[in-house]
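Attaching a single structure in structure tokens format; questions to follow.
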Amino acid sequence: MIDTAQYPVQVRANARLVDAGRKKVEKCPAAQQTEICVVLIADYEWQLEGIGEKVIPEKYQEEVKKELGLVE
């Protein structure tokens, strides 16, 4: 399990807005986008890959995998 408390409040707040559909990951600060995706997976049951509304955008998937330690 990922401890999302390690991420800044702004990252977690932006993830909440993305999950609610009020903001897109692309509209968030570039430096936070990967972290926002990680929080979406950990706290909001988003999927790293797949089909549907709650799937991390493809352009962020590789960086998210690195952040999660799934690839080197």
Side-chain angles (χ1 to χ4, degrees):
M1 194 67 188
I2 301 164
D3 179 17
T4 56
Q6 68 180 332
Y7 294 108
V9 171
Q10 186 180 13
V11 169
R12 297 191 318 261
N14 279 327
R16 185 172 52 248
L17 290 172
V18 171
D19 183 61
R22 296 179 57 201
K23 198 171 195 178
K24 298 281 184 196
V25 176
E26 297 82 11
K27 299 291 183 186
C28 297
Q32 297 178 355
Q33 291 172 351
T34 301
E35 293 174 339
I36 289 168
C37 291
V38 171
V39 173
L40 287 170
I41 291 169
D43 290 350
Y44 298 99
E45 299 178 7
W46 281 52
Q47 298 174 12
L48 181 56
E49 298 172 325
I51 299 172
E53 290 183 21
K54 290 191 169 193
V55 178
I56 300 301
E58 192 172 320
K59 70 182 198 177
Y60 303 109
Q61 290 177 1
E62 284 305 311
E63 288 300 315
V64 172
K65 286 178 185 179
K66 289 177 186 174
E67 179 79 14
L68 295 174
L70 301 175
V71 295
E72 291 183 14

| field | Transitive ILVMFWY side-chain link Val39 to Ile2, under 4.5 Å | value |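 Val39 and Ile2: one cluster.
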| message | What I'd like to find out is whether the side chain of Pro29 reaches to under 4.5 Å of the side chain of Asn14, using heavy atoms alone. | response |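 Yes, at least one pair of side-chain atoms sits under 4.5 Å.
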| query | Shared ILVMFWY cluster between Val64 and Val55, side chains joined below 4.5 angstrom? | reply |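 No: no chain of side-chain contacts under 4.5 Å links Val64 to Val55.
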| said: How close do Val25 and Gln33 get, counting heavy atoms only, and between which atoms? | reply: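 Looks like O-NE2, 3.3 Å.
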| query | What distance do Glu35 atom CD and Tyr7 atom OH have between them, rounded to the nearest 0.5 Å? | reply |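 Here the interatomic distance stands at 6.0 Å.
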| message | For Arg12 versus Ala5, what's the shortest heavy-atom pair and its separation? | response |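 Closest pair (atom of Arg12, atom of Ala5, distance): NH1-O, 3.5 Å.
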| request: Give the intermediate values and the outcome of salt bridge (Lys or Arg N to Asp or Glu O under 4.0 Å) for residues Arg16 and Asp43. | output: CA-CA 9 Å; Arg16 185 172 52 248; Asp43 290 350; over 6 Å; no
| query | Above 12 or not: heavy atoms from other molecules or residues under 6.0 Å from CD of Gln6? | reply | yes
| Between CD1 of Ile56 and CG of Leu48, what distance do you get to the nearest 0.5 Å? |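 If we round to the nearest 0.5 Å, Ile56:CD1 and Leu48:CG are 7.0 Å apart.
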| If we only count heavy atoms from C-beta on, is the Lys65 to Tyr60 side-chain gap below 4.5 Å? | no
| message | Within a 6.0 Å radius of atom NZ on Lys54, are there more than 12 heavy atoms belonging to other residues, nucleotides or ligands? | response | yes
| Do other residues, nucleotides or ligands put more than 12 heavy atoms under 6.0 Å from Glu58 CD? | no
| query | Closest approach of Ala15 and Ile36, non-hydrogen atoms and distance? | reply |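 What the structure gives for the nearest pair is CA-CG2, 3.8 Å.
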| Taking atom SG of Cys37 and atom CD of Gln32, what is their separation to the nearest 0.5 Å? |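 Answer rounded to 0.5 Å: 11.5 Å.
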| field | Euclidean distance, Leu68 CG relative to Gln61 CD, rounded to 0.5 Å | value | 11.5 Å
| Say you draw a straight line from CG of Leu40 to OG1 of Thr4; how long is it, rounded to the nearest 0.5 Å? |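 If I round to the nearest 0.5 Å, the distance is 10.5 Å.
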| message | With rounding to the nearest 0.5 angstrom, report the CD to CG distance, Glu53 to Asp19. | response | 10.5 Å
